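Before any comments, here is the structure.
Hydrogens, waters and symmetry mates play no part in the numbers below; they use all other heavy atoms, side chains included. None of the values given here were measured: they were computed from a predicted structure.
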Amino acid sequence: MVCGGFACSKNALCALNVVYMLVGLLLIGVAAWGKGLGLVSSIHIIGGVIAVGVFLLLIAVAGLVGAVNHHQVLLFFYMIILGLVFIFQFGISCSCLAINRNKQMDVINASWWVMSNSTRHELERSFDCCGLFNLTTPYLHDTSCGAMCKTRSSTCQMCGEKFLKHSDEALKILGGVGLFFSFTEILGVWLAMRFRNQKDPRANPSAFL
């Protein structure tokens, strides 16, 4: 059977959705692992990662069932949802790759002040820093900051400085990975569209597909 045939399209679509299932399970597992070790205690962060993992897992299961059973309705909705995810993810990935340092500062500043106090304190402890970008404020007597650097010096490095140090690299990694997966989603849409229009050679030739 040539690669453009029914069996090849079915196997390729199944393999792609198995990969999506593994990625979804990996996201859920990483979130649970981070929560179990106390690396991240914010329920919003944990819930967001788990929600993305569950969403990807559900899409993959729908695509896998549709591919195995050659189910027209499931494959149709799989194409639509995966196409919408591609558009959203492609835009976000391009934004991550294009954002400059000034925009990063604006995003960090805006995000910092909408966080809850517990989330800010958790980040200060994790990154061993205090405050955001106010370079003149001493933090020795600041009881709201629980960073270890307070016990070693009268001032602590600003969290904004540490965030900016790693944000550019992180944005490039996220943008690159997101861009790569967005093209796999386009591949999934194309495979599903092609597979829907193919007839199963083992089925009744007169059956409606």
Which residues pass the side-chain contact (heavy atoms from CB on, under 4.5 Å) test with Leu187, not counting sequence neighbours? Trp190, Leu191
Using the rule that Ile, Leu, Val, Met, Phe, Trp and Tyr join whenever any side-chain heavy atoms are under 4.5 Å apart, tell me whether Phe90 and Ile87 fall into a single cluster. yes
Does Ile80 share a hydrophobic cluster with Val65, counting links as ILVMFWY side-chain heavy atoms below 4.5 Å and allowing steps through other members? no
At what distance, to the nearest 0.5 angstrom, does CZ of Phe180 lie from OG of Ser93? 12.0 Å
Would you say Leu75 and Leu13 make side-chain contact, with heavy atoms under 4.5 Å? yes
Contacts of Ile186 that satisfy side-chain contact (heavy atoms from CB on, under 4.5 Å) - sequence neighbours left out: Phe86
Going by the rule side-chain contact (heavy atoms from CB on, under 4.5 Å), which residues pair with Phe77 if we only count those two or more places apart in sequence or in a different chain? Val73
Given the rule that I, L, V, M, F, W and Y join up when any side-chain heavy atoms are under 4.5 Å apart, are Val189 and Leu84 in one cluster? no
CZ-NE2 distance between Arg196 and His71, expressed to the nearest 0.5 angstrom: 11.0 Å
Enter the distance from Met193:CE to Ser9:OG here, rounded to the nearest 0.5 Å. 13.0 Å
Spacing of CD belonging to Glu185 relative to CG belonging to Leu16, to within rounding of 0.5 Å: 9.0 Å
Checking Met21 now: which residues fulfil side-chain contact (heavy atoms from CB on, under 4.5 Å) with it, not counting sequence neighbours? Leu57, Ala60, Val61, Leu64
Of all pairs that satisfy side chain to side chain donor-acceptor pair (under 3.5 Å), the ones with a partner from residues 11-22, not counting sequence neighbours: Asn17-Tyr78, Tyr20-Thr184
For Phe195, does its backbone N or O pair with a side-chain atom of His70 as donor and acceptor, under 3.5 Å? yes
